[in-house]
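In what follows, chains carry the letters A, B, and so on, assigned in the order in which the sequence lines appear, proteins first and then strands, with residues in each chain numbered from 1. Computed from a predicted model, the values in this text were never measured in an experiment.
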Amino acid sequence: MQPSSLAGLPAGVGEALEAEGVAELYPPQEAAVEAGVADGESLVAAVPTASGKTLIAELAMLSAVERGGKALYIVPLRALASEKKTEFERWEEFGVTVGVSTGNYESDGEWLASRDIIVATSEKVDSLIRNGAPWIDDLTCVVSDEVHLVDDPNRGPTLEVTLAKLRKVNPGLQTVALSATVGNADVIAEWLDAELVESDWRPIDLRMGVHFGNAVDFADGSKREVPVERGEDQTARLVADALDTEEDGQGGSSLVFVNSRRNAESSARKLTDVTGPRLTTDERDRLRELAEEIRSGSDTDTAADLADAVEKGSAFHHAGLRSEDRARVEDAFRDRLIKCISATPTLAAGVNTPARRVIVRDWRRYDGEFGGMKPLDVLEVHQMCGRAGRPGLDPYGEAVLLANDADTKEELFERYLWADPEPVRSKLAAEPALRTHVLATVASGFASTRDGLLSFLDNTLYATQTDDEGRLAAVTDTVLDYLAVNDFVERDRDDGSESLTATGIGHTVSRLYLDPMSAAEMIDGLRSVARDAGAATAGADGEAGEFVRTGDDGDEPGFGTYARPGEDGSPDEGEVEGEAEETGGKATDEAATDSPEVTPLGCYHLVSRTPDMYELYLKSGDREEYTELCYEREAEFLGDVPSEYEDVRFEDWLASLKTARLLEDWANEVDEDRITERYGVGPGDIRGKVDTAEWLLRAAETLARDVEGIDGDAVVAVREARKRIEYGVREELLDLAGVRNVGRKRARRLFEAGIETRADLREADKAVVLGALRGRERTAERILEHAGREDPSMDDVRPDKSASAAATAGSASDDDGEGQASLGDFR
DNA sequence: CGTCTTTGGTGTATTTTTTAGAAAC
DNA sequence: AATACACCAAAGACG
């Protein structure tokens with residue numbers, strides 16, 4: 001079937017596809033068309049990666065648009081959202097408009113309502129529904145990419161409930177679900193009332209095999225000799241072998257999957273011996289440039305290690321990398337510049353990075369709940385293997401699992417090569433998931449009685465899958481109890497059927513996209529401020545579920561009268577320069593012996609112990625260190641500290657404290673590389689934590705305003721803490737850091753040179769500005785422009801030497817990671 | 001025989017990931 | 001639970 005023969009698409013689309021080289025539809029695509037994707041029929045397509053799933057979605061969406069409708073494309077990752085958006089934008093020349101909406105990026109200018117195709121993450125869609133985005137009921141087609149993720153315990157339920165809601169709002173909605181090959185695609189199809197297209201067909205051959213000894217044995221019976229000498233590294237040999245086998249004038253790149261970040265990094269380092277010597281001079285030059293970019297973006301060890309590897313044509317890839325670096329690595333790999341990536345499983349699910357050869361080195365990974373090393377899911381391994389074979393470049397793709405002995409080889413064949421992927425199973429009937437979604441469902445009017453709620457939940461995958469009718473209802477009831485106790489929903493059971501309404505706070509929590517348990521924790525913590533001060537009717541809600549604390553505060557120093565510490569009411573950390581170590585605590589201890597003051601650390605701990613913040617875990621010596629810190633700064637915590645000896649939550653409390661202090665360090669301008677060292681995290685993790693904290697603090701601020709019984713000063717303190725996190729600066733730099741292109745470092749340098757505010761920037765001597773910015777004219781001009789200066793031009797301005805000296809001196813310990821002496825003894 | 005390198009053994013520490021909100025001159 | 005790595009001792013290589 002030829003694209004141009006398809007009816008129902010916008011004029012010219014079929015021809016454009018042929019011009020792109022799509023002469024014939026692939027068999028699964030043809031089956032999809034026969035099933036009616038282009039005529040508004042719902043469809044589940046369970047086919048391997050890279051076998052043309054996207055085109056199926058495009059046919060559905062474009063034909064829907066041609067009929068005057070509007071389409072939504074749901075992805076699991078933000079990075080995927082932008083990838084898809086650019087892909088779909090090629091249809092704009094046929095009059096189809098595309099928009100994107102994710103947590104960090106919203107389509108510019110034009111409002112999403114006017115867009116024909118919208119790309120968004122599942123959480124974002126959920127949030128849009130909760131906040132009543134007007135265009136939701138205009139949708140006629142929804143595509144759910146990677147729908148097998150409904151199996152994920154964390155995020156699956158969101159997708160499941162979101163699809164159910166969309167279908168409820170728009171009864172005739174065409175639903176197209178794209179899935180990897182899974183064990184029970186038919187069940188998904190049944191759930192969505194959709195036709196099913198299932199196929200193993202791939203445009204490029206995929207050969208899967210196991211390497212053991214001196215050869216790879218493929219599942220199809222063929223064999224490839226790859227001898228490994230004694231003492232040689234198995235992975236290295238396979239990577240070298242792929243590189244030395246030329247197919248279209250070039251050797252093939254490899255993707256190595258390992259089970260930890262550390263392994264990814266060390267594997268990449270080792271593989272430089274393979275990739276480095278095989279580079280051309282030109283490649284070497286371009287890689288050096290790329291490495292330089294990576295180095296200059298961040299002065300952490302991680303970045304330095306990555307740059308060192310990249311220079312030699314090898315790279316590692318994991319969530320500890322900053323997203324810019326991840327993208328750089330992916331791009332350079334696609335451009336065939338980087339020859340080999342060693343990655344944690346992130347990469348398998350992420351943006352498209354095909355390789356000639358995929359090597360699955362580790363097939364087990366640590367799982368605390370499981371209590372040891374757990375074998376990867378078949379589905380996961382298949383996803384990794386699916387990355388093998390670059391369309392248009394490779395005649396075939398190879399996926400190789402590694403075994404060190406004959407038994408393992410046998411097991412790998414059994415377990416992965418000859419096995420079907422496991423079925424997806426809904427994880428909806430779990431408390432954390434239902435807590436959130438039950439509240440949202442009630443708050444956004446999808447159900448107003450218990451029965452209504454249950455019948456809504458009947459539209460989920462869980463309901464179509466389970467035989468245990470009672471379980472969902474049982475969990476729902478527990479969750480409803482929880483929500484009622486915490487005042488998020490109100491129940492009225494005067495007649496037989498119980499009516500449900502969301503309270504004001506309940507609505508707020510739902511719209512803020514908070515886990516209700518996070519909200520409860522935050523409200524409780526914030527209220528404790530007023531309670532400790534004896535200022536408000538704190539215990540009012542003392543009937544208390546397990547998470548509303550009814551502590552006895554008798555022994556806390558803060559019990560008694562609440563006196564405001566200073567006129568501005570904002571906690572001041574003092575003017576300590578450079579070294580941030582252990583500030584705050586001491587200063588406030590004395591000033592506040594009899595008044596609970598809301599400090600940044602208090603706020604950071606509050607949000608860090610919330611279930612919406614992913615925990616940093618405690619390493620060896622951390623327990624003692626943070627226990628000590630816990631007592632030292634006891635007065636700063638909002639809410640009661642669990643007992644060290646009797647309370648199992650103490651351990652979690654310490655882990656949260658670790659996160660909280662990381663955030664405090666960030667807000668105290670501690671250097672990025674020092675934070676990574678101190679907490680054993682990557683630069684990407686810092687960003688992640690900071691982002692989440694910012695979001696949660698914003699939510700906390702809203703809650704503090706809307707909920708009764710919270711001291712007004714607490715609102716101010718939370719806002720302050722949030723702003724400092726947002727820019728990563730101390731209080732005195734907040735104004736400066738708000739100027740575009742001025743981050744924490746530049747702000748500090750300007751400040752040291754005597755330019756302390758945005759207004760100063762407009763008036764200051766240009767020479768001083770330029771000096772403080774280390775003579776970077778372009779940056780200086782841009783900054784002055786953003787600060788609103790009339791004449792930002794830096795022509796003929798010479799940098800002021802003393803300003804640059806002051807800036808460097810004043811910020812030496814912050815910028816350049818000197819000053820190690822003061823840090824040396826923290827272990 | 002002395003020094004440097006390689007090998008092998010023991011003990012210890014460590015272990016993936018993603019999303020959400022929204023604002024000012 | 002399994003591995004990587006650091007550390008150390010013993011053995012070997014070489015002049």
* Roughly, in whole Å, what's the span from CZ in Arg687(A) to P in dT17(B)? -> 18 Å
* Might you work through the side chain to side chain donor-acceptor pair (under 3.5 Å) test for Thr408(A) and Asp405(A), ending with a clear yes or no? => CA-CA 5 Å; Thr408(A) 311; Asp405(A) 55 68; 2.6 Å; yes
* Asked: Does Arg130(A) count as lying over the ring of Tyr513(A), i.e. NZ or CZ under 6.0 Å from the six-ring centre, within 45 degrees of the axis?
  -> yes
* For the helix from dC1(B)-dG15(C) to dT15(B)-dA1(C), figure out the bend between the end axes, five pairs an end, and round to 10 degrees. => 20°
* Within a strict 4.5 Å, meaning less than it, do heavy atoms of the Met522(A) and Leu514(A) side chains meet? -> yes
* **side-chain contact (heavy atoms from CB on, under 4.5 Å) partners for Asp367(A), two or more places apart** => Glu369(A), Phe370(A), Lys374(A)
* How is His786(A) classified with respect to the nucleic acid when contacts are heavy atoms under 4.0 Å: base, sugar-phosphate, or nothing? -> nothing
* **Tyr366(A) OH - dA1(C) C1' separation (whole Å)** => 8 Å
* Could you check how far CZ of Arg155(A) sits from C1' of dT18(B), rounded to whole Å? => 5 Å
* Rounded off to whole Å, could you give me the NZ-to-C1' distance for the Lys374(A) and dT14(B) pair? => 19 Å
* Nucleic acid footprint by protein, nucleotides 20-25 of chain B - heavy-atom cut-off 4.0 Å, B for base, S for sugar-phosphate alone -> BBB---
* Could you give the distance separating dA1(C) and dA20(B) at their P atoms, to the nearest angstrom? => 38 Å
* To do: Calculate, to the nearest 0.5 Å, the distance between atoms NE2 and CD1 belonging to His318(A) and Ile341(A) respectively.
  => 12.0 Å
* Structure fact -> d(Glu651(A) CD, Leu618(A) CG) to nearest 0.5 Å is 5.5 Å
* Asked: Taking only N and O in the side chain of Arg261(A), is any of them less than 4.0 Å away from OP1 or OP2 of dT17(B)?
  -> yes
* **d(NZ, Lys689(A); P, dT18(B)) in whole Å** => 11 Å
* Would you mind reading off the distance between Glu369(A) atom CD and dT16(B) atom P, rounded to a whole angstrom? => 15 Å
* Using a heavy-atom cut-off of under 4.0 Å over every strand shown, decide if Arg326(A) touches base, sugar-phosphate, or nothing. => sugar-phosphate
* In whole angstroms, how far is the P atom of dA2(C) from the CG atom of Asp405(A)? -> 12 Å
* Please tell me if the side chains of Glu330(A) and Leu347(A) come closer than 4.5 Å, counting only heavy atoms from C-beta onward. => yes
Protein-nucleotides 3-8 of chain C N/O pairs under 3.5 Å:
from, atom 1, to, atom 2, distance (Å)
dT3(C), OP1, Arg364(A), NH2, 3.4
dC5(C), OP1, Ser266(A), OG, 3.1

* So does Tyr614(A) reach the base of dT17(B) with its side chain, donor to acceptor, closer than 3.5 Å? -> yes
* Please determine if Asp652(A) and Arg609(A) form a salt bridge, counting it only when a charged side-chain N lies under 4.0 Å from a carboxylate O. => no
* To do: Determine: side-chain N/O of Tyr617(A) to OP1/OP2 of dT15(B), distance under 4.0 Å, yes or no.
  => yes
* Sugar-phosphate only, base, or nothing, as touched by Gly371(A) at under 4.0 Å among non-hydrogen atoms -> sugar-phosphate
* Cation-pi geometry met for Arg744(A) and Trp666(A) (6.0 Å, 45°) -> yes
* Counterpart residues, side-chain contact (heavy atoms from CB on, under 4.5 Å), relative to Glu726(A) (two or more places apart) -> Glu694(A), Arg698(A), Arg722(A)
* Look up atom CD1 in Ile505(A) and atom OG1 in Thr702(A), then write down how far apart they are to the nearest 0.5 Å. => 13.0 Å
* Asked: dT17(B) C1' sits how many Å from Leu616(A) CG, rounded?
  -> 14 Å
* To do: Could you pull out all residues at least two apart from Asn741(A) that satisfy side-chain contact (heavy atoms from CB on, under 4.5 Å)?
  => Arg746(A), Arg782(A), Ile783(A), His786(A)
